[in-house]
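Everything below concerns the one structure shown next.
The structure displayed is predicted, hence computed values, not measured ones. Counting starts at 1 for both ligands and their atoms, following the listed order.
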Amino acid sequence: MDHPTPTLRERIHKDLHSLRPAPNLLDYEARCASFRWEDARRLLDGLPQGGGLNMAHEAVDRHLLHGRGSKTAIRWIGKDGSRRDLDYAQLTAETARFANALRSLGVEAGERVFVLLGRVPELHVAVLGALKACCVVTPLFSAFGPEPIATRAGAADVRVVVTTPELYRRKLRGLRDRLPGLRHVILVGDAPCEGQGLQRWSELVEGASPVFAIPPTDPQSMALLHFTSGTTGRPKGAVHVHEAIVAHVVTGRDALDLHDDDVFWCTADPGWVTGTSYGILAPLVNGVTSVVVEAEFDAEAWYSVLERERVTVWYTAPTAIRMMMKLGAEVLHGHDLSALRFAASVGEPLNPEAVVWGLEAFGRPFHDNWWQTETGGIMIANFAALDVKPGSMGRPLPGIEAAIVRRTAAGGVEVVKTPMTDGELALKAPWPSMMRGYLHEEERYRKCFADGWYLTGDLAKRDEEGYYWFVGRGDDVIKSAGHLIGPFEVESALLEHPAVAEAGVIGKPDPVAGETVKAFVALKPGWDAGEALRRELLGHARTRLGAAVAPKEIDFRTGLPRTRSGKIMRRLLKARELGLPEGDLSTLEEDAA
Ligand code: AMP
């Protein structure tokens with residue numbers, strides 16, 4: 001007899017009794033009712049001597065006290081297929097060596113350490129070791145060009161950079177005059193390299209003592225500085241404190257459903273906040289094994305990693321999922337992915353078809369979740385024990401109160417009660433991983449809050465069952481392949497070229513990357529708007545900004561639309577590019593193009 005084809009709802013419905021192991025968060029409503037952050041803090045140990053809370057102690061050293069010393073903490077897979085395992089005892093020793101190395105250089109608590117590396121074990125060691133030494137850490141995206149590095153390193157007054165000889169030569173050497181506070185550059189790798197204050201990892205770190213006593217750490221002291229982009233001005237340095245680790249332990253358990261025996265793989269680059277919070281901290285603080293893959297995306301290679309490493313929990317992103325979808329599920333045939341228990345996605349809107357494709361290809365739907373640099377950890381999620389609603393970001397984490405709000409003329413907000421009504425997504429402040437400031441920008445930080453709510457800048461709606469649906473960003477910031485790109489940073493780089501009089505940058509919808517960066521440029525008199533100059537400008541932007549940030553397309557215009565106060569109307573550029581209604585033009589300068 002023919003069986004009726006199950007409906008989508010039936011296919012994504014979860015039978016709680018058949019889920020193995022049982023999800024950590026079984027009863028969502030009950031947990032929301034009883035949750036208190038003070039209780040969550042008890043999942044952690046605190047520092048043995050002197051008190052306080054240090055992220056690196058919680059993520060690494062404390063596991064030795066719980067008998068996990070010989071458990072694999074990091075399984076690294078190199079580009080050439082080589083593997084290196086570090087267990088929790090080894091990671092404790094390596095990170096201690098790095099903390100001692102910093103001390104031997106005279107680097108003090110609170111000083112800024114930038115890590116500009118690809119996905120290699122030294123990256124984890126440097127980030128965690130610097131946290132042990134109570135330094136403030138910024139992992140930087142290694143695909144950034146010199147300009148984004150200079151702005152961020154300058155704003156942070158960076159003292160130490162950990163990088164490779166090759167990245168140093170290509171990206172950092174030319175910036176030394178602009179970074180007077182940069183005293184030490186620690187080089188991973190043996191390639192020849194000349195410069196002031198250069199140290200070799202192999203000499204400095206490998207020779208240091210593997211024992212380091214973490215000094216008492218104020219949970220409210222700055223631990224991580226994550227740069228993120230806004231519509232205008234320079235990138236913002238979101239300040240995160242050691243206490244954020246409380247959110248990492250909880251979200252790892254509740255939103256990613258990490259269990260003791262899990263093999264977890266987060267595909268994000270540590271240069272972006274997901275790669276730090278979930279590529280480094282959350283799996284380690286939960287004591288699981290974390291797979292780190294050095295190579296860039298390649299569907300076939302990724303499936304092999306999932307299969308060979310028996311990955312049980314996988315955290316990836318919509319652009320990668322869409323790239324896999326394009327190749328089709330056939331590529332998966334022959335791969336045994338039976339170990340995979342939970343698949344999650346973050347960073348950009350996840351199309352409902354991608355959720356369903358997860359079910360077809362992997363036998364698991366992708367669980368979308370939402371957060372941002374400023375929130376420090378996952379805030380809204382499709383949880384393991386709840387049915388996924390394809391297209392929705394899920395429900396707020398227990399302990400997080402979310403709402404859809406409208407800003408009022410008086411500077412406050414009102415909560416929108418009607419379901420499925422667009423408004424701004426807001427979160428009741430505070431929570432442990434909430435940013436504590438934008439570095440040196442008190443006013444910009446203050447403007448993110450109203451009536452006790454943190455205003456995310458994202459537009460969303462909430463349905464009757466409390467699921468949140470992403471509508472769009474409330475600003476002009478571009479999300480391309482999961483990376484947040486500030487149009488101002490791109491426009492500034494274009495304006496440095498002698499031919500460019502005006503530049504306006506938008507995100508152009510793209511079926512795979514979500515958006516790509518497109519620039520509109522008006523030239524100074526005497527320059528020829530031809531193919532040769534277009535190519536030159538594309539190359540100029542790429543050299544300055546790096547491939548991940550630079551525009552993919554440039555169009556010439558005789559002038560760009562501006563408001564009467566002189567701001568380029570990116571919204572209008574975008575509407576015209578996409579053939580959409582031009583909206584309110586009352587502020588358009590009369591003679592603007
Ligand atoms: P970032 O600070 O770089 O992590 O970027 C955060 C932004 O990415 C958010 O403010 C959203 O605009 C977007 N974002 C993150 N997760 C999602 C999601 N699940 N769905 C839609 N947009 C998302």
> Roughly how far, to the nearest 0.5 Å, is the OH atom of Y467 from the CZ atom of R395?
Replying inline: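 If I round to the nearest 0.5 Å, the distance is 5.5 Å.
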
> Is atom CZ of R31 surrounded by more than 12 heavy atoms (other residues, nucleotides or ligands) closer than 6.0 Å?
Replying inline: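 Atom CZ in R31 is crowded, with more than 12 foreign heavy atoms closer than 6.0 Å.
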
Taking NZ, NE, NH1 and NH2 as the nitrogens, is one of them in [X] or [Y] under 4.0 Å from a carboxylate oxygen of the other?
| X | Y | value |
| --- | --- | --- |
| E515 | R473 | no |
| E577 | K574 | no |
| E441 | K236 | no |

Nitrogen or oxygen contacts under 3.5 Å, ligand 1 side and protein side:
| from | atom 1 | to | atom 2 | distance (Å) |
| --- | --- | --- | --- | --- |
| ligand 1 | 2 (O) | T373 | N | 2.8 |
| ligand 1 | 2 (O) | T373 | OG1 | 2.5 |
| ligand 1 | 5 (O) | K479 | NZ | 3.0 |
| ligand 1 | 8 (O) | G347 | O | 3.3 |
| ligand 1 | 8 (O) | K479 | NZ | 3.0 |
| ligand 1 | 10 (O) | Q372 | NE2 | 2.8 |
| ligand 1 | 10 (O) | D458 | OD1 | 3.1 |
| ligand 1 | 10 (O) | D458 | OD2 | 2.9 |
| ligand 1 | 10 (O) | R473 | NH1 | 3.2 |
| ligand 1 | 12 (O) | D458 | OD1 | 3.0 |
| ligand 1 | 12 (O) | D458 | OD2 | 3.0 |
| ligand 1 | 12 (O) | R473 | NH1 | 3.1 |
| ligand 1 | 14 (N) | G347 | O | 3.3 |
| ligand 1 | 16 (N) | G347 | N | 3.2 |
| ligand 1 | 19 (N) | D368 | OD1 | 2.9 |
| ligand 1 | 19 (N) | D368 | OD2 | 3.4 |
| ligand 1 | 19 (N) | N369 | O | 2.7 |
| ligand 1 | 20 (N) | E348 | O | 3.4 |

> Knowing that exactly one of Y315, Y303, W302 qualifies, which makes a ring-ring contact (aromatic ring centres under 6.0 Å, His included) with W265?
Replying inline: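 Among Y315, Y303, W302, the one meeting ring-ring contact (aromatic ring centres under 6.0 Å, His included) with W265 is W302.
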
